[in-house]
Amino acid sequence: MTRPLYHQDSAALSFTASVQAVSASEVALDATAFYPAGGGQSADHGLLRWDGGEAGVVDTRKDKATGLIWHKLDGTPPAVGTPITGEVDAARRWRHMARHSGEHLLAQCFVRINPAFAVDAVNMTHPECTLDLRGDPTETDVRAAETLLRETLARQTLTLDTPTVSEAELADYPLRRETKVRGQVRLVIFRGENDQSFDVSACGGTHVPQASLAAPVVILRAERIRGGVTRVVFMAGEEAGEYLGGIYRDSRALAQTFSVPPDRLTERVEALRADLADSKAEATQLREKLGRVLVEATPPDIQGLRWLELDDPALLLPVLSGVPTGEVRVALSEGGRCGIASARPEVHAGELLRAALAVTGGKGGGRPELAQGSTLEPGGFLAAVRAALTSTQTC
Ligand SMILES: [Zn+2]
């Protein structure tokens, strides 16, 4: 069995120990400050040093059957019995402790808003941590819990206390969530100056020694994931501050391009969206107007056919609309986009277009009144339509 030093003092990241067992690239130690993955918290990484060698620890896991904690090394492991010094990657561990503490504290705030908001599952293996809650918290509840935690972390000193108690003693503690652990139970308590506990959980993970070290705890979003379960996505500690600072800098840079302060960015973007919608509507009207002008400037031929060659594909639909009875209109634009509109019962626009495209290559089709497509051979399209129309009328 490996003595878990991280249970005594989660901030002590350097230690000495000796190698108990070696298996391939893994070593088990008699004691370790390396936290093995578990309880929604990722494994510690770091470094082991010994006389004449060192190796990086790239993963840590606990063998539940033997109680041994195995350290996966990126180099040749030392022999059994070798004294080592271990150094846990501090930046990684502090991020994990802030996430894990943030999870306990935030879950407690939700329960204080409404006891129905019980934890279903948690995950702290990514910077965006998740807290799955029952009881359907609303957006107002979510903001209330976040505010309660922000005020608590800013105004109270909550200190970590991690007693191990017997199952029988558990009844003396206001556990936030029932535990399945039997026998000796390790408790994680954040306690205020008046000795009153703010949150009590049964947990084997690592946590910050003072709750405020997990600040800021920021809820990014909450979403319903399945019946009766809401996933609250949050960030905690340094990485939350770093992330939000980055978001602010990006927002400010964007806001500067619009000559507004960052807090007026939403308002500015909404105004731009309205302007864009107006401009699109105006452009549509102008294209319709231009389409009518182009149609008027192109008289129908003797068979009542109007042939239009366009330089803008966006004009295709405007020139193919409002066709008067007895007329067939054929349009071709740059790039080979083409269309046919028919107000003559014996001419099926879709079939005519397909017949022409069978000759020139391309794809398209449509209804009896309107058909669109694109031709691979724009130079021969109009002649192909004319030939297809002649053969239809001959039959
Ligand atoms: Zn915990």
Side-chain angles (χ1 to χ4, degrees), residues 4-13 32-45 60-62 64 69 88 90 92-112 117-134 145 148-149 152-153 156 158-165 167 169-170 173-192 197-219 231-240:
L5 303 173
Y6 50 82
H7 274 174
Q8 294 154 20
D9 182 357
S10 58
L13 303 180
T32 188
F34 282 82
Y35 179 75
Q41 184 180 333
S42 298
D44 279 336
H45 293 176
T60 311
R61 66 176 179 90
K62 182 172 182 176
K64 281 190 181 148
I69 294 171
V88 174
R92 181 178 164 91
R93 163 63 85 73
W94 276 95
R95 281 200 295 275
H96 294 171
M97 293 199 293
R99 291 174 194 175
H100 202 146
S101 308
E103 179 265 306
H104 284 225
L105 296 159
L106 191 56
Q108 174 61 234
C109 289
F110 271 103
V111 169
R112 287 177 184 227
F117 301 153
V119 173
D120 193 55
V122 299
N123 190 302
M124 288 91 62
T125 57
H126 300 284
E128 291 196 7
C129 305
T130 60
L131 186 60
D132 294 351
L133 298 175
R134 300 207 163 271
L148 174 59
L149 182 51
T152 303
L153 295 179
Q156 292 185 43
L158 301 177
T159 308
L160 180 70
D161 181 19
T162 55
T164 297
V165 303
E167 205 178 320
E169 289 172 290
L170 272 185
Y173 293 89
L175 274 184
R176 169 166 46 81
R177 193 182 175 192
E178 258 185 62
T179 178
K180 291 182 193 119
V181 180
R182 293 290 163 251
Q184 293 295 102
V185 183
R186 179 178 188 256
L187 296 179
V188 171
I189 304 174
F190 280 105
R191 216 187 276 286
S197 55
F198 178 78
D199 182 68
V200 183
S201 305
C203 180
T206 62
H207 307 79
V208 290
Q210 296 279 345
S212 59
L213 296 172
V217 178
V218 181
I219 296 176
R231 174 160 293 171
V232 175
V233 182
F234 70 95
M235 287 180 90
E238 287 172 70
E239 61 191 355

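In each ligand, atom 1 is the first atom listed, and ligand 1 is the first ligand listed.
For the pair T60 (side chain) and D44 (backbone), a donor-acceptor distance under 3.5 Å is present. Put simply, the side chain of S201 never gets that close to the backbone of C203: no donor and acceptor are under 3.5 Å apart.
Panel detail: the Zn ion (ligand 1) has protein N, O or S atoms under 2.8 Å away, 4 in number.
In this structure, the salt bridge (charged side-chain N to carboxylate O under 4.0 Å, His left out) partners of R61, at least two apart in sequence or on a different chain, are E26.
Paired with H207 under the rule side chain to side chain donor-acceptor pair (under 3.5 Å), one option of E103, R99, H104 passes, and it is H104. Here the rule is side-chain contact (heavy atoms from CB on, under 4.5 Å) with H96, and of S10, S42, S101 only S42 fits it.
Annotation: cation-pi geometry not satisfied between R176 and F110 (NZ/CZ under 6.0 angstrom from ring centroid, within 45° of ring axis).
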